[in-house]
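First the proteins, then the strands, lettered A, B, ... as listed; each starts at 1.
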There are 2 protein chains.
Amino acid sequence: MLGRVNHIAIAVPDLAMATASYRDTLGAKVSQAQALPEHGVTVVFVELENTKVELLEPLGEASPIAAFLEKNPAGGMHHICYEVNDILAARDQLSASGARVLGSGEPKIGAHGKPVLFLHPKDFFGTLIELEQV
Amino acid sequence: MLGRVNHIAIAVPDLAMATASYRDTLGAKVSQAQALPEHGVTVVFVELENTKVELLEPLGEASPIAAFLEKNPAGGMHHICYEVNDILAARDQLSASGARVLGSGEPKIGAHGKPVLFLHPKDFFGTLIELEQV
């Protein structure tokens with residue numbers, strides 16, 4: 001089921017500082033910041049050779065990463081996104097095995113314009129998993 | 001400085017259960033478990049198309065992931081490992097920029113038999129970063 005690691009998401013309290021750190025201190029290639037109000041985040045992509053890291057800062061009142069940053073004020077690794085070929089087939093297979101899909105269970109259009117689902121971290125040893133259809 | 005994402009490490013309290021979950025529920029290719037007593041962990045590699053996830057379970061009395069699992073009993077994302085070409089040059093550049101290298105500052109031989117260093121998560125927004133020379 002799992003294909004490539006599409007990205008590793010890191011929630012940060014200050015996106016400008018984090019971007020400067022990855023660019024200047026770690027010497028990575030970083031994108032411009034992109035506000036995604038419909039997803040409640042502003043994102044910067046850190047482009048690595050084989051995948052990317054996404055630095056996420058809360059945007060707006062109902063950001064999905066606000067609670068995480070309340071618990072982890074310095075920031076931290078938030079989720080891993082894996083690519084799948086058929087997100088509905090993946091969802092049905094996961095549900096049949098007892099894994100919980102967050103929300104309504106219907107894929108939403110994610111930050112890259114593709115269908116995504118999130119899996120309950122309690123079913124995967126504390127790791128929040130995003131599936132993205134590619 | 002940063003090259004490929006070599007792996008994402010996830011600490012888990014029960015490696016057999018986590019391995020079964022990634023293999024059977026998520027449909028990923030997993031390795032046999034490897035005990036690495038000199039590193040205080042038993043590891044299973046989850047092979048993705050472009051990188052790998054390492055599932056880590058504490059081994060022995062002084063495991064480096066024991067404190068993390070005390071704080072996060074269900075498990076969770078523990079660190080990201082990036083490849084670098086020259087770990088001593090990377091260390092010197094990072095130290096000059098004020099980033100803290102954990103331990104003595106001298107690279108140790110990591111779980112893959114290559115020199116590694118860890119960077120202080122407080123200097124990188126709550127993310128523990130491992131650098132591995134390749």
| remark: Here the gap from A:Thr51 atom OG1 to B:Ile8 atom CD1, rounded to the nearest 0.5 Å, amounts to 7.0 Å
| query | If you tally heavy-atom pairs under 4.5 Å against chain A, which of B:Ala28, B:Ala11, B:Ser21 wins? | reply | B:Ser21
| said: Quick check: is B:Tyr82 connected to B:Leu88 through a chain of hydrophobic side chains (ILVMFWY, heavy atoms under 4.5 Å apart)? | reply: yes
| field | Atom of A:Thr25, atom of B:Gln93 and distance for their closest heavy-atom approach | value | O-NE2, 4.2 Å
| Are B:Val5 and B:Leu48 in one and the same hydrophobic cluster, where Ile, Leu, Val, Met, Phe, Trp and Tyr link if side-chain heavy atoms are under 4.5 Å apart? | yes
| message | Return the CD to CG distance between B:Glu49 and A:Asn50, rounded to the nearest 0.5 Å. | response | 12.0 Å
| request: Among B:Gly98, B:Pro13, B:Gly3, B:Ala90, single out the residue with the greatest number of heavy-atom pairs under 4.5 Å to chain A. | output: B:Gly3
| Contact class of B:Asn72 relative to chain A, heavy atoms under 4.5 angstrom | neither
| field | Shared hydrophobic cluster, B:Val43 / B:Val46 (ILVMFWY, side-chain heavy atoms < 4.5 Å) | value | no
| query | B:Ile80 and A:Val44: same hydrophobic cluster, using ILVMFWY side-chain contacts below 4.5 Å? | reply | yes
| message | Do A:Leu15 and A:Val41 land in one hydrophobic cluster if side-chain heavy atoms of ILVMFWY residues count as linked below 4.5 Å? | response | no
| Rounded to the nearest 0.5 Å, how far does CG of B:Leu2 lie from CG of A:Leu26? | 5.0 Å
| Using non-hydrogen atoms only, which part of A:Ala99 is less than 4.5 Å away from chain B: side chain, backbone, both, or neither? | side chain
| field | Close contacts, residues 53-69 of chain A versus chain B, judged by heavy atoms under 4.5 Å | value | A:Val53
| query | With only heavy atoms counted, which part of B:Ala96 is less than 4.5 Å from chain A, the side chain, the backbone, both or neither? | reply | neither
| Contact winner vs chain A - B:Met17, B:Met1, B:Lys52, B:His79, heavy-atom pairs under 4.5 Å | B:Met1
| request: Considering only heavy atoms, give the residues of residues 120-134 of chain A separated from chain B by less than 4.5 Å, sorted numerically, with 'none' for an empty result. | output: A:Asp123, A:Phe124, A:Phe125, A:Gly126, A:Thr127, A:Ile129
| said: With a 6.0 Å cut-off (strictly less than), is the heavy-atom count around CD of B:Gln32, excluding the residue itself, greater than 12? | reply: no
